[in-house]
Amino acid sequence: KIKACIFDLDGVIVDTAKFHYIAWKELADEMGFEFTVEDNERLKGVSRMTSLDILLSIGKVNKSEDEKLALATRKNENYLTYILKMGPEEILPGTKAFLDTLKEEGVRIALGSASKNAMTILERLKLTNYFEAIIDGTKVSKAKPDPEVFLKAAEALGVQPDNCVVFEDAEAGVEAALSGGMKCVGIGKADVLGKAHLIIDGLHQMNMQKLYALNEK
Ligand code: G6P
Ligand code: MG
């Protein structure tokens, strides 16, 4: 029986990928190589330092650990200038309605995100209060596809993993949910999220009937 929903943040509740892209591209421009929107797909759901490693591998650039830390810090400062301009209008369609329905139905709500900026983003969107537990990039040591982030969220809620549904837009996130023994709703395309129990375009397509149908999967 489904008792809790655990939401990824970036790409599920808000489209921050466009800001991540601009901020990473600025570093690529400086280092003199091309970084495309398609390349950016590879950074979804991936931690900040791993994203940097992927970016550097795309440009075939080598950097020392100190240089990498400086680059990641600069990228984040740039990213934050965009994040801090966001408001509730950036919440993806259907999110609030679905969260309200979950509350009414007594389904518990948690966040499971790789981002260290999750708290800042939720505050900007004025969504913090919906989440009973918030597990973000500051609270985990193992990145998705490791299930740590979702298992910690379930534990914080006091709900068994098999009573949880995870909402994810990244392949690594779907894998994390499944290896944690949870149900998973993929947000996006079937070619990327094929292993999810249900695939939808966005939370505007979600409802209680579809949620409880996952009990049978
Ligand atoms: C999410 C995004 C990734 C991002 C990661 C870390 O998983 O999908 O693209 O790299 O969070 O974000 P942060 O805000 O900590 O740099
Ligand atoms: Mg995501």
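Just follow the structure's listing: the first ligand is 1, and inside any ligand the first atom is 1. Only heavy atoms go into these numbers, but all of them, side chains included; no hydrogens, no water, no symmetry mates.
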_Using a distance threshold of 2.8 Å, state whether an N, O or S atom of E168 lies below it from the Mg ion (ligand 2)._
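No, E168 does not qualify, because none of its backbone or side-chain N, O or S atoms lies under 2.8 Å.
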
*Does D29 come within less than 4.0 Å of K25, counting only side-chain N to carboxylate O?*
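Looking at D29 and K25, the cut-off is met.
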
*Does a salt bridge link E30 with R74, judged by any charged N lying under 4.0 Å from a carboxylate O?*
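Answer for the salt bridge query: yes.
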
Do the side chains of [Y] and [X] get nearer than 4.5 Å, heavy atoms only?
X: D10; Y: I121; answer: yes
X: V107; Y: M208; answer: yes
X: K44; Y: E171; answer: no

*Just one of K217, K195, H197 clears the side chain to side chain contact (heavy atoms under 4.5 Å, CB included) bar with C184, so which one?*
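One option only clears the test, and that one is H197.
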
Donor-acceptor list for residues 161-168 side chains, cut-off 3.5 Å, not counting sequence neighbours:
| unit_1 | atom_1 | unit_2 | atom_2 | d |
| --- | --- | --- | --- | --- |
| E168 | OE1 | A170 | N | 3.0 |
| E168 | OE2 | K144 | NZ | 2.7 |

Looking at [atom], what's its closest protein heavy atom, distance included?
atom: atom 16 (O) of ligand 1; value: R48 NE, 2.8 Å
atom: atom 7 (O) of ligand 1; value: G45 CA, 3.2 Å
atom: atom 9 (O) of ligand 1; value: L43 O, 2.9 Å

As an exercise, identify every atom of ligand 1 less than 4.0 angstrom from a heavy atom of [X].
X: D10; value: 1 (C), 2 (C), 8 (O), 11 (O)
X: K116; value: 13 (P), 14 (O), 15 (O)
X: S51; value: 10 (O)

*For ligand 1, is G11 a contact, meaning one of its heavy atoms is under 4.0 Å away?*
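Distance cut 4.0 Å: G11 fails for ligand 1.
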
*Do any N/O atoms on Y79 end up under 3.5 angstrom from N/O atoms on ligand 1?*
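There is no such contact.
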
*Would you mind finding which of A170, S113, S115, A172 brings a heavy atom closest to atom 6 (C) of ligand 1?*
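That would be S115.
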
*Kindly state each residue pair satisfying ring pair (Phe, Tyr, Trp, His ring centres under 6.0 Å) with at least one member in residues 122-157, sequence neighbours excluded.*
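Those involving residues 122-157 do not exist here.
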
Hey, which N, O or S atom on [X] ends up closest to the Mg ion (ligand 2)?
X: D8; answer: OD2
X: D169; answer: OD1
X: D10; answer: O

_One residue to check: V46. Relative to ligand 1, which of side chain, backbone, both or neither has a non-hydrogen atom less than 4.0 Å away?_
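Just the backbone.
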
_Could you go through K68 and E65, starting from their C-alpha distance and side-chain angles, then the distance that decides it, and tell me whether this counts as salt bridge (charged side-chain N to carboxylate O under 4.0 Å, His left out)?_
CA-CA 5 Å; K68 282 203 230 173; E65 287 309 309; 3.4 Å; yes

